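Keep in mind that what you see is a predicted model, and the values were worked out from it rather than measured.
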Amino acid sequence: MASIREVAQKAHVGVGTVSRALNGSGYVSADAKKRIDQAIEELHYMPNELARNFYRNRTGIIGVVIPNLDHPFFSKFTMEVEMELYRHGYKTLVCNTIGISNREQEYLEMLDRSMVDGIITGSHSLDDSSYLSHDKPIVSLDHDFGGKIPLISSDHKKGGRLAAEVLLADGCKHVIQFAGSTKVRTPANDRHVTFTQMMQEHGVQVQTVESAWNRFTFDYFQKTMEKFMKKYTNVDGIFTADLPAICCLNYAKKYGRKVPEDLKIVSYDAMEITQITDPCLTAVRQDVPQLAKACVHSILALIEGKPVKNMRQIFDVSLQRGGTA
């Protein structure tokens, strides 16, 4: 394996010049940079990542805290974050917070001990003070910490409006929506507020069922959907996230309710799984790649000591037309 000294000799520069080029820590002429890059390629030189990070007083690792990696939305989000971080020379450390544990708190303690350079959090299992007491780089997905921590979110108000417009156009009169827990301040709940307002303005009955806090498993959704589908037998429209929507679709098929003739379903997130159901789900799509990129670019800006230009970034949503509404 080639050394940095061999790279310097081949590029006809000093070792310090190669080091500055690799670390971006000082001036290197364009001509010298070109020769260094060529020497690195020809010698197949692999920089000592540990040494580079030590020089920069960094670990090169970002923690990503999510409720459940098995959940389609968070799985997709984590994948997009990992790929974007890798493009910027960072590795990803993932924490699931589902269930009872102190894992999320332990990751914050890792940030305090400089074991990770920053945290992107999409979890809501700790109270706000646990995050607000830190002055290290933290970026939030869908959790409003009140302006101190950058917030990345979708336009959930528009998402609720799109879902309501679909079910109103379909003539629904008795609708049930399955919402997340209101125990946390998340812009994601705005979609249910907007949805309820629009349906009530048009004289449609809306029953809201609030999910248990920090529960994201398919088994939980399946049992919950069956329980309330049996309870509200006159429902002709449903608005919920992808996984519970699929559970509702399965329940309807099992008990002979035709979709979309007898029951309309609109889901939220529009992950790939919604396109392999029969019929495909009509869904409001979040732009997960954009959300992930915004989280990564914001956390990197904080790590570099640069200001985040927009502390509240809201991204557009769109409607995926399927066969359930």
Side-chain angles (χ1 to χ4, degrees), residues 21-25 37 40 45-98 103-126 130-131 134-143 145 148-154 188 216 269 271-272 286-315:
L22 292 173
N23 295 313
S25 57
D37 289 342
I40 287 173
Y45 172 70
M46 296 292 292
N48 187 325
E49 190 170 352
L50 183 61
R52 289 179 62 189
N53 287 329
F54 180 79
Y55 178 85
R56 298 185 301 170
N57 195 28
R58 294 178 191 160
T59 66
I61 300 172
I62 304 295
V64 178
V65 182
I66 56 170
N68 186 4
L69 191 57
D70 196 40
H71 187 283
F73 174 85
F74 293 110
S75 177
K76 174 76 170 177
F77 173 76
T78 304
M79 181 191 74
E80 295 287 346
V81 166
E82 190 276 333
M83 290 193 300
E84 187 67 15
L85 282 172
Y86 188 82
R87 280 193 282 268
H88 290 273
Y90 280 83
K91 303 297 189 296
T92 305
L93 189 64
V94 181
C95 169
N96 289 272
T97 63
I98 192 166
R103 281 174 289 184
E104 189 171 0
Q105 184 62 49
E106 289 177 356
Y107 270 61
L108 286 173
E109 291 171 0
M110 289 176 67
L111 182 61
D112 276 342
R113 298 196 302 268
S114 298
M115 297 173 69
V116 294
D117 296 330
I119 284 180
I120 297 171
T121 179
S123 179
H124 308 139
S125 63
L126 292 177
S130 298
Y131 281 95
H134 294 265
D135 58 0
K136 298 291 184 73
I138 299 174
V139 170
S140 170
L141 172 72
D142 264 340
H143 189 141
F145 288 100
K148 181 180 177 181
I149 295 174
L151 168 69
I152 312 299
S153 184
S154 292
F216 291 91
D269 290 340
M271 296 298 96
E272 285 83 352
Q286 295 196 69
D287 192 340
V288 179
Q290 279 282 56
L291 293 171
K293 285 183 180 178
C295 285
V296 169
H297 294 170
S298 296
I299 198 71
L300 294 183
L302 292 176
I303 291 170
E304 296 289 344
K306 301 175 182 177
V308 177
K309 295 180 180 179
N310 189 350
M311 293 291 285
R312 189 180 181 92
Q313 299 179 58
I314 309 299
F315 292 90

Qualifying residues under side chain to side chain contact (heavy atoms under 4.5 Å, CB included), relative to Pro137, sequence neighbours excluded: Ile299, Leu302, Ile303
Heavy-atom donor-acceptor pair, His88 side chain to Tyr90 backbone, under 3.5 Å: no
Side chain to side chain contact (heavy atoms under 4.5 Å, CB included) partners of Lys309, counting only residues at least two apart: none
Approximate separation, where rounding is to 0.5 Å, of Thr78 OG1 and Phe73 CZ: 9.0 Å
Side chain to side chain, His297 and Glu84, heavy atoms closer than 4.5 Å: yes
Between CE on residue Met79 and CG on residue Leu69, distance to nearest 0.5 Å: 11.0 Å
Residue list, salt bridge (charged side-chain N to carboxylate O under 4.0 Å, His left out) with Asp37, at least two apart or on another chain: Lys33
Under the side chain to side chain contact (heavy atoms under 4.5 Å, CB included) test, residues paired with Ser153 that sit two or more places apart: Asp142, Leu151, His156, Pro187, Ile314
All salt bridge (charged side-chain N to carboxylate O under 4.0 Å, His left out) counterparts of Glu82, not counting sequence neighbours: none
Interatomic spacing from CE in Met83 to NZ in Lys293 - rounded to 0.5 Å: 9.0 Å
Shortest non-hydrogen separation from Cys295 to Phe77 and the atoms involved: SG-CZ, 3.9 Å
Beyond-backbone contact of Pro72 with Glu272, side-chain heavy atoms, under 4.5 angstrom: no
Residue among Ile152, Asn310, Ile138 satisfying side chain to side chain contact (heavy atoms under 4.5 Å, CB included) with Ser298: Ile152
Minimum heavy-atom distance between Gly122 and Pro67, given as atom pair plus value: O-CD, 3.5 Å
Backbone N/O of Met271 and side chain of Asp269: donor-acceptor pair under 3.5 Å: no
Approximate separation, where rounding is to 0.5 Å, of Ser154 OG and Gln313 CD: 12.0 Å
Test item: Val139 and Thr121 side chains (from C-beta on) under 4.5 Å apart, heavy atoms: no
Sub-6.0 Å ring centroid separation between Phe145 and His143: yes
Test item: Phe74 and Asn68 side chains (from C-beta on) under 4.5 Å apart, heavy atoms: no
Closest non-hydrogen atom pair between Gly60 and Asp117, with its separation: N-OD2, 2.7 Å
Contacts of type side chain to side chain contact (heavy atoms under 4.5 Å, CB included), residue Lys136, not counting sequence neighbours: Leu111, Asp112, Ser114
Residue pair Val64 / Leu93, side-chain heavy-atom distance below 4.5 Å: no
Side-chain heavy-atom pair Thr92, Ile61 within 4.5 angstrom cut-off: no
Among Val81, Val116, Ile120, side chain to side chain contact (heavy atoms under 4.5 Å, CB included) partner for Ile62: Ile120
